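Each chain gets a letter, A, B and so on, in the order the sequences are listed, and its residues count up from 1. Given the structure is predicted, the values throughout are model-derived calculations rather than measurements.
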Amino acid sequence: MKKQVEQWVSSALERLVAEAVLNSGARGPVVVERARAGHGDFATNAALVNSKAAGMKPRELAERLVEALPASELVERVEVAGPGFINFHLSAAAWRSVVPEILEKSHHYGRSDIGRGKKVQVEFVSANPTGPLHVGHGRGAAYGAAVADLLEAVGFEVHREYYVNDAGRQMDILATSVWLRYLELAGETLDFPSNGYQGDYVWDIAATLHREHGDDYRHAADEVFQGVPPNEPAGGDKEQHIDALIGRAKTLLEDNRYRYVFELALNTILDDIRDDLEKFGVVYDQWFSERTLVESGAVNRAIERLRKGGWLYEKDGALWFRSSEFGDEKDRVIERENGQTTYFASDIAYHMDKLERGFDRVIDVWGADHHGYVPRVKAALKALGDDPDKLDVLLVQFAILWRGGEKVPMSTRSGEFVTLRQLRKEVGRDAARFFYVMRKCEQHLDFDLDLAKSQSSDNPVYYIQYAHARVCSVLRQAAEKGISVDPTPGDTNLDRLAEGHELALLKTLSRYPEVVEAAALNEEPHQLTHYLRELANEFHTYYNAHPFLVEDDALRDARVKLILAVRQVVRNGLGLLGLSAPEQM
RNA sequence: CCGCCCCUAGCUCAGCUGGAUAGAGCGCAGCCCUCCGGAGGCUGAGGUCAGAGGUUCGAAUCCUCUGGGGCGGGCCA
């Protein structure tokens, strides 16, 4: 509907240009938008932004534009208002046409091809595989998945990816933690490092190792801790302590056995994460391993490209990247004194690889605590000669859980965090997916667990899903009463839709494609959650005001078609957010 | 100290990228409805858009400064 109005406006503008009233070179941005109450259905600022180019007052130009508009029976009247807005009042027939459109397009209603098949990669979650996902990752998961689905809905070719940090020191700490727990299970007594991974899942992996391999990996605790500097509580440095332990693990287990423990830990956790996300309705096209970047030589290739560009230098025995030349605060190390490349080096290679794969656009969904990282990655892309504007980083703020009016304490360090799995179990997948995307990403999220669980109209998830179930319920009721319902999308009888509630619903239904488009292009799923709540509200209001299964065949047919359209749109919207549309609740 | 983000009704938040009289839910006050699912509906009160300047026909929206809050600032990931 909006597109239709936009066409009328632009054709009127063309006409004035042809008549030399307007200078074609100096046209400002013309916007057509949904008008607010009292200003018709759509409004455009076309006359305001072009008045200078036309050399006449805005209202005067507006009158000329109105005269130049093509005639249509969908328009009731057009008026000039305020400083020079043009307001369109559409006929009821125009709005009614949305019902057959929805019923015909069915689950395609709201989809479009404005993305023109451009390739977009969305990388999200990408949590280190050193433990189960927690509720912080959950928001990134729900947000990234929704953005990806929305972009796909408007015609982009979307590639969903999880970057697996399987090459860093954290993984060594994990493997060593598992081994130490295994030693304890095997009967050794030792002081577990304060910097090691404390969670129960580490015990679980250790138990698997012990169950399947008995004492094969056992070494005496004294031997393990031989020459290891003291831990922090004992007056030492915890980092040096854990690094020394990693060294001992590698020495004592030797390559292949260490590798085995490492892989066991990695794969167990990765499988768990994959399973967790799948049950959350989040599925990836690719799990991209950091290690393959190193092995394929991509990291070295990235470094070489930077070196050729003259963006590298050596200082204090390390290799530095001149990121400050490209807007970063300071230069960054990409290869350490000990010859190891940094995490940042991998990330440069990874983003280089993304663009080499031909994506027109790359979206990273990161936790907001990584925001300082954005300038250096963009700097690297610039230095490599790539276009940094192809990369869009969405920084997702933390979610704070509330239960019983109090913050749920979460300290990631001690392993005392709420896992995504626990959250799912407590509030269910649908509520979790919805609540996570209710706010735009840069907004802190207050996640009210009690509200998410409550089965009341205060809970937006239930309110919306109930609208869907209620339509289904009406249809069941009709079937019980032996009332036949015509499911064909024709427009017969629709002229019986004349109530104010019905007109309001029609207008809201017609807005859905615009909402999906805006939510997708702005990467803001919350626009869709707000819309769905509004639609549900209008439906419930309508339900309370008017009976649908009336005696009058034609009227009943029209109303049933309308609520079928509502059901379809609710279902489509929930689907894009990864929620189910239950037939009864 | 520096950088990024946030500040809109009592609370939680929208505000369609510069438009007309700033909106919704909860809460509060009052009222209606017992009908296809009461897991309702209607009305009302409630605002210096954190503050001050600036940009222009026009600012919650863009720019600068100030205040408050969050998060960062490793040869960690």
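Of the candidate nucleotides B/G73, B/C5, B/A39, B/A39 has the atom lying nearest to any side-chain atom of A/Q455. Closest contact between the side chain of A/Q477 and the listed nucleotides B/C75, B/G15, B/G37 involves B/G37. Listed nucleotides B/G41, B/G73, B/C36 differ in distance to A/E329; the shortest reach to its side chain belongs to B/G73. Here the side chain of A/Q170 is nearest to one of B/G3, B/A77, B/G37, namely B/A77. Among the nucleotides B/A39, B/C4, B/C13, the one closest to the side chain of A/M585 is B/A39. Comparing B/A39, B/A77, B/A20 by their nearest atom to the side chain of A/N128 picks out B/A77. The listed nucleotides are B/C75, B/G72, B/C36; the one nearest the side chain of A/L549 is B/C36. For A/H526, counting side-chain heavy atoms from C-beta on, the closest listed nucleotide (B/G15, B/C75, B/G74) is B/G15.
Residues passing the ring-ring contact (aromatic ring centres under 6.0 Å, His included) test with A/F88: none are found, sequence neighbours excluded. Taking the ring-ring contact (aromatic ring centres under 6.0 Å, His included) definition, one finds that A/F85 meets it with nothing, sequence neighbours left out. Contacts of A/A518 classified as side chain to side chain contact (heavy atoms under 4.5 Å, CB included), with partners at least two apart in sequence or in another chain: A/N522, A/Q527. Under the rule for a side-chain hydrogen bond (donor to acceptor under 3.5 Å, both in side chains), A/R439 has no partner lying at least two apart in sequence or in another chain. With sequence neighbours excluded, the residues that form a side-chain hydrogen bond (donor to acceptor under 3.5 Å, both in side chains) with A/E290 are A/N165, A/S346. Applying the side-chain hydrogen bond (donor to acceptor under 3.5 Å, both in side chains) rule to A/Y162 yields no partners; only residues at least two apart in sequence or on another chain are considered. Scanning for ring-ring contact (aromatic ring centres under 6.0 Å, His included) contacts around A/Y201 gives an empty result, with sequence neighbours left out.
Using a 5.5 Å limit on the distance between ring centres and a 30° limit on the angle between planes, the aromatic ring of A/F85 counts as stacked on the six-membered base ring of B/A20.
A donor-acceptor contact closer than 3.5 angstrom links the side chains of A/H89 and A/E79. When only modelled atom types and interatomic distance are considered, A/Q170 and A/Y343 share no side-chain donor-acceptor pair under 3.5 Å.
Listed pair A/K315 / B/C75 fails the phosphate criterion, with no side-chain N or O lying under 4.0 Å from OP1 or OP2. In terms of phosphate contacts, A/Y543 brings a side-chain nitrogen or oxygen within less than 4.0 Å of OP1 or OP2 of B/G37. The side chain of A/S473 contributes an N or O atom lying less than 4.0 Å from OP1 or OP2 of B/G37.
Scanning atom types as modelled, no donor and acceptor separated by under 3.5 angstrom connect the side chain of A/D369 and the base of B/A77. Below the 3.5 angstrom threshold, one finds no donor paired with an acceptor across the side chain of A/H370 and the base of B/G72.
Stem regions annotated for RNA chain B: B:1-7 with B:67-73, B:10-13 with B:23-26, B:28-32 with B:40-44, B:50-54 with B:62-66, counting only runs of 3 or more consecutive pairs of Watson-Crick or G-U type with both contacts under 3.5 Å.
Heavy-atom nearest nucleotides on RNA chain B were determined for A/I86 and for A/T341, and the one closer to the 5' end corresponds to A/I86. Mapping A/R476 and A/R332 onto RNA chain B by nearest heavy atom places A/R476 at the nucleotide closer to the 5' end.
Rounded to a whole angstrom, the distance from the P atom of B/C71 to that of B/G25 is 32 Å. Atom P of B/U8 sits at a distance of 6 Å from the matching atom of B/A50, rounded to the whole Å. The same atom, C1', is picked in B/C57 and in B/G15; the two are 23 Å apart, to the nearest Å. Comparing B/G70 with B/C76, their P atoms are spaced 29 Å from each other, to the whole Å. Between B/G23 and B/A9, the distance separating the two C1' atoms is 10 Å to the nearest Å.
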Distances for protein N/O vs nucleotides 59-62 of chain B N/O pairs under 3.5 angstrom?
none

Check: protein-nucleotides 16-18 of chain B nitrogen or oxygen pairs below 3.5 Å:
| residue | atom | partner | partner atom | Å |
| --- | --- | --- | --- | --- |
| B/U17 | N3 | A/N522 | OD1 | 3.3 |
| B/U17 | O4 | A/N522 | OD1 | 3.2 |

With 3.5 Å as the limit, what N/O pairs link the protein to nucleotides 7-12 of chain B?
| residue | atom | partner | partner atom | Å |
| --- | --- | --- | --- | --- |
| B/U12 | O3' | A/D446 | OD2 | 3.3 |
| B/U12 | O2' | A/R439 | NH2 | 3.0 |

Tabulated below should be each protein N or O lying under 3.5 Å from an N or O of nucleotides 42-45 of chain B; please produce it.
none

